[in-house]
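Read the numbers this way: they start at 1 and go in the same order the structure lists the ligands and their atoms. Residues take their numbers from the sequence shown, with the count starting at 1.
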Amino acid sequence: MNTIQLKPGRDKSVRQRHPWIFSGAVARVEGNPAAGETVLVRSAGGEALGVAAYSPASQIRARMWAWQEMAIDRAFFQRQLEKAIHLRQALIDPAESNAYRLVHGESDGLPGIVVDRYGDWLVLQSLSAGAEYWKEVIVECLVDCTGVRNVYERSDVDVRKIEGLEERVGVLCGEAPPTSMQVCEYGLKFSVDLCTGQKTGFYLDQRYNRRVVQGLAQGRQVLNCFCYTGGFTVHALAGGAAEVLSVDSSAEALERGAENVALNGFPADQAAWLQGDVFQVLRSMRDQNRHFDLIILDPPKFAPTAAQAERAARGYKDINLLAFKMLRPGGLLATFSCSGGVSADLFQKIVAGAALDAHVEARIVERLAQGRDHPVALNFPEGAYLKGLVCQVA
Ligand code: SAH
């Protein structure tokens with residue numbers, strides 16, 4: 001079997017069951033493994049530590065499949081996928097949603113493999129050389145484990161480049177999804193497009209947080225920034241918001257947002273939509289002395305890795321400062337960061353700095369994170385990417 005041998009003293013994280021082996025930890029590669037092929041991982045002393053997928057193009061040179069010497073084959077993927085799917089059954093009430101994450105990569109013991117279920121469709125993202133190598137087998141096993149016949153690929157993500165993979169989108173099995181299908185979230189309906197929507201179609205990781213916002217919206221004038229297709233907007237209206245102004249840079253997202261408001265029977269005049277750059281929109285609203293009772297900030301990833309954290313911090317501070325200035329007394333800010341490179345601690349510090357500079361007294365009344373269908377394996381803390389704070393101003 002092809003083997004990679006680690007440098008002396010570089011086996012600690014593998015022994016702690018961290019799934020990533022960085023190129024700097026590798027002393028030698030024996031044999032000539034192709035991208036995605038399984039390699040045996042040995043310590044400097046020659047001890048077998050487990051098996052991994054080899055990724056020659058990436059700084060993450062190998063991702064562990066298992067921490068023992070074993071065959072990686074169809075039976076392995078069948079077992080791992082069954083486990084992930086079985087564990088979800090205890091976590092997701094079908095009445096809560098028919099759209100949720102079935103497989104969450106490293107945290108489900110399947111590095112680089114993401115699968116979301118939307119009713120009768122599965123959407124697969126293959127994010128690593130190992131995932132790509134086993135893709136066909138994974139699709140077969142998925143159909144087997146779930147009974148869902150339609151599998152669509154949305155591997156159109158930047159991280160593929162780092163793995164030396166091209167972006168890819170298309171049918172893997174069964175039929176192509178319709179350009180508009182409805183999913184249900186806590187009794188609310190949302191139109192999603194699995195082919196061209198962002199991520200795999202919908203921001204499933206925010207499901208619980210949208211419900212939290214629903215519970216805080218009664219009678220409030222709401223500003224929903226980075227609204228995408230109006231997830232928080234519809235939940236705020238369901239919670240009795242007086243009106244919601246939603247802002248996003250994507251015209252298609254806003255169009256679908258308005259459709260989602262109508263789909264749930266809320267009057268169109270309670271929901272206003274504004275296409276623009278949130279940074280500019282917030283500044284001009286501040287200059288016009290506009291005020292709100294509840295502001296949501298759910299920006300895209302400003303810092304995928306820690307290296308971009310400083311620039312990202314300025315972005316977060318900017319928008320949070322402006323939002324604090326526009327809240328009425330007693331108003332609420334639901335603010336999020338999905339940047340892997342910004343820790344929960346750092347995010348809280350940034351928000352605290354924003355409140356200070358905005359001259360408001362604010363407190364955290366709730367801490368939020370990604371939903372439970374996006375678990376964080378304890379051996380993979382990097383999996384905790386989404387953090388949120390609900391802050392109340394005095
Ligand atoms: N809250 C949403 C998800 C937001 S994702 C939900 O629950 O579904 C982030 C959104 O920000 C995307 O829709 C993207 O189009 C938008 N976006 C990115 N940069 C932006 C900018 N500078 N100004 C306004 N919108 C932006």
Would you please test Thr200 and Tyr118 for side chain to side chain contact (heavy atoms under 4.5 Å, CB included) and show each step? CA-CA 9 Å; Thr200 60; Tyr118 291 86; 2.7 Å; yes
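- Atom CD of Gln275 sits in a crowded spot, with more than 12 heavy atoms from other residues, nucleotides or ligands closer than 6.0 Å.
- For atom 4 (C) of ligand 1, the closest heavy atom belonging to the protein is Phe226 O, 3.1 Å.
- Remark: minimum distance from atom 3 (C) of ligand 1 to any protein heavy atom is reached at Asp298 OD2, 3.3 Å.
- Scanning all protein heavy atoms for the shortest distance to atom 26 (C) of ligand 1 gives Ser249 OG, 3.1 Å.
- Contacts between Ala253 and ligand 1 below 4.0 angstrom, taking non-hydrogen atoms only, are absent altogether.
- The nearest protein atom to atom 18 (C) of ligand 1, hydrogens excluded, is given as Pro300 CG, 3.4 Å; this is a heavy-atom distance.
- Listed by atom number, the atoms of ligand 1 under 4.0 Å from Tyr228 heavy atoms are 2 (C), 3 (C), 4 (C), 8 (O), 13 (O).
- When the heavy-atom distances from atom 16 (C) of ligand 1 to Val247, Thr229, Asp248 are ranked, the shortest goes to Asp248.
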Audit row: Phe232, Phe336, ring-ring contact (aromatic ring centres under 6.0 Å, His included) steps and yes/no: CA-CA 12 Å; Phe232 282 104; Phe336 297 92; 5.7 Å; yes
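- Protein heavy atom nearest atom 23 (N) of ligand 1, with residue, atom name and distance: Val278 N, 2.9 Å.
- Residue Asp277 places at least one N or O, backbone or side chain, under 3.5 Å from an N or O of ligand 1.
- With Asn2 contributing its side chain and Val39 its backbone, the two residues share no donor-acceptor pair below 3.5 Å.
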Go through the steps to decide whether Asp205 and Lys199 satisfy the test salt bridge (Lys or Arg N to Asp or Glu O under 4.0 Å), and finish with yes or no. CA-CA 11 Å; Asp205 51 359; Lys199 282 183 108 176; 3.2 Å; yes
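- Atoms of ligand 1 found under 4.0 Å from any heavy atom of Phe232 (numbered from 1 in listed order, with element): 1 (N), 7 (O).
- Partner Ser126 forms a side-chain hydrogen bond (donor to acceptor under 3.5 Å, both in side chains) with one of Lys135, Glu163, Glu153, Arg160 and no other, that one being Arg160.
- Applying the side-chain contact (heavy atoms from CB on, under 4.5 Å) test between Ile113 and each of Ile138, Leu127, Leu142 identifies Ile138 as the sole match.
- Heavy atoms of Gly230 come nearer than 4.0 angstrom to ligand 1 in no pair at all.
- Given atom 12 (C) of ligand 1, the protein heavy atom at minimum distance is Gln198 OE1, 3.2 Å.
- Annotation for ligand 1: atoms under 4.0 Å from non-hydrogen atoms of Tyr203 are 3 (C), 5 (S), 8 (O).
- With distances taken over non-hydrogen atoms, the option nearest atom 8 (O) of ligand 1 out of Gln275, Gln206, Glu252, Arg210 is Arg210.
- Taking a cutoff of 4.0 Å between a charged side-chain nitrogen and a carboxylate oxygen, Glu96 and Arg211 do not qualify as a salt bridge.
- Arg210 forms a cation-pi arrangement with Phe202, by the criterion of a distance under 6.0 Å to the ring centre and an angle within 45° of the ring axis.
- For the pair Phe202 and ligand 1, the shortest N or O to N or O distance does not fall below 3.5 Å.
- Proximity to Gly276 (heavy-atom distance under 4.0 Å) selects the following atoms of ligand 1: 23 (N), 24 (C).
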Could you walk me through whether Arg283 and Asp318 pass the salt bridge (Lys or Arg N to Asp or Glu O under 4.0 Å) test, one step at a time? CA-CA 10 Å; Arg283 240 170 240 120; Asp318 235 22; 2.7 Å; yes
